[in-house]
Amino acid sequence: MIMQILNIDNSCRRCKGLILTDESTGERYCQSCGNVIVERIEDSRSEHRSFADNPAGSRTGSPTSLAIHDRGLATIIGNVNKDAAGKSLSTSMKYDIKRLRVWDGRSQAHEQVDKNLRQAFSELSKLKDKLALSDTVIEKTAYIYRKAIGKGLVRGRSIQGVLGAATYAACRDAGTPRTLNDVSDAINVQRKDISKNYRMLVNKLDLKMPVVDSINCVSKIASKIGLDEKTKRHALEILRDAKNMEITAGKDPMGIAAAALYISCLKYNVDVTQRAISIASGVTEVTIRNRYKGLRDKLDLNY
DNA sequence: TAAGATAAGAGGGACAT
DNA sequence: ATGTCAGTCTTATCTTA
């Protein structure tokens, strides 16, 4: 329902408004009505294929990325004992090159580390699709994962567990609203493991994580259910008041956002059930009710 | 069928031992 | 390091309108 096929002319089906892309969240949304079209961002980097008028083909080589095990910069020392001019090498030179070759091989393989990265980044590209993550988040995830490997934090833990944690951390850092449950479902690792690894990463790598803002959560939920702009705005007002009264601390931001939206729906007589909001937000109905009660009592709302 | 109530259980932070 | 405690959230079940 909320997902629509993207029009060829890049305009919103509902109101013909211009479609914009939010680089940080990877969401494509309508400029005028806020309707989220599809939560996926295509890789907009240059393509690497040869053209008829450029038979040599590669202009720049493959793009370098942290999310490739060797960053796309692999270099191998060949196995032929010839120099650049094709002449055979001297005996002493052959020896030196042999030594080089050994070390080159070792650095290529990086023993376990390189294997680990290969596997991790293959998982990461699957995650990118499942969670509709932007390139920014992917690079950030790869960066965090590399740091974790470098500190030997992956040893004794599952690759997927740590990668999931790195992904979650990258999302938090980029302000892309993905919950532990989102990541957990996508990578098929128990939520508690991701969360445990996430805290470990934050600790050991001294990551500075911004607190999840319930305001970001509102638009995520609202677009999933397809609520209009007016309802959304009122929910944001409720959130602002709630924050001023300091009744949001220690609560799940997603839960607060869900409750604020629910209240907003009641006010404008929008026919949305707690269940619908619960599914869209990933928090249970009970939690929504609790937050709803809390907000209603503290803010003197009479509906 | 949606909303409200209640209880049991899990996980994590704060704090003391 | 380990244990306890208060507070939060989830799951499950029952009642109410």
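Everything numeric here is computed off the predicted structure, so don't read it as measured data. Order of the sequence lines fixes the chain letters, A, B, ..., with proteins taken first and strands second; residue numbering starts at 1 for each chain.
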Excluding sequence neighbours, so at least two apart, what forms side-chain hydrogen bond (donor to acceptor under 3.5 Å, both in side chains) with Ser184(A)? none

Could you check how far CG of Asp271(A) sits from C1' of dT1(B), rounded to whole Å? 12 Å

State, yes or no, whether a side-chain contact exists between Ile149(A) and Asn116(A) at a heavy-atom distance under 4.5 Å. yes

What does Tyr262(A) touch in the nucleic acid at a heavy-atom separation under 4.0 angstrom: a base, only the sugar-phosphate, or nothing? sugar-phosphate

To the nearest 0.5 Å, what is the distance between CG on Asp135(A) and NZ on Lys128(A)? 4.0 Å

Lys293(A) side chain N/O closer than 4.0 Å to the phosphate oxygens (OP1, OP2) of dG4(B)? no

Indicate whether the side chain of Arg99(A) and that of Tyr95(A) have a donor and an acceptor atom separated by less than 3.5 Å. no

With a 4.0 Å cutoff (strictly under), does any side-chain N or O of Thr273(A) reach OP1 or OP2 of dT1(B)? no

Over how many whole Å does the gap from Asn269(A) atom CG to dA2(B) atom C1' extend? 16 Å

Interface polar pairs with nucleotides 8-12 of chain C, N/O, under 3.5 angstrom:
{"residue": "dT8(C)", "atom": "OP1", "partner": "Lys251(A)", "partner atom": "NZ", "Å": "3.3"}
{"residue": "dC9(C)", "atom": "OP1", "partner": "Asp252(A)", "partner atom": "N", "Å": "2.4"}
{"residue": "dC9(C)", "atom": "OP2", "partner": "Arg291(A)", "partner atom": "NH1", "Å": "2.0"}
{"residue": "dC9(C)", "atom": "OP2", "partner": "Arg291(A)", "partner atom": "NH2", "Å": "3.4"}
{"residue": "dT10(C)", "atom": "OP2", "partner": "Thr284(A)", "partner atom": "N", "Å": "3.4"}
{"residue": "dT10(C)", "atom": "OP2", "partner": "Thr284(A)", "partner atom": "OG1", "Å": "3.2"}
{"residue": "dT10(C)", "atom": "OP2", "partner": "Thr287(A)", "partner atom": "OG1", "Å": "2.3"}

Non-neighbouring partners of Lys243(A) that pass side-chain hydrogen bond (donor to acceptor under 3.5 Å, both in side chains), sequence neighbours left out: Asp213(A)

Regarding Glu237(A) and Arg240(A), does a basic nitrogen lie under 4.0 Å from an acidic carboxylate oxygen? no

Taking atom C1' of dT16(C) as reference, at what distance in whole Å does atom CD of Gln274(A) sit? 14 Å

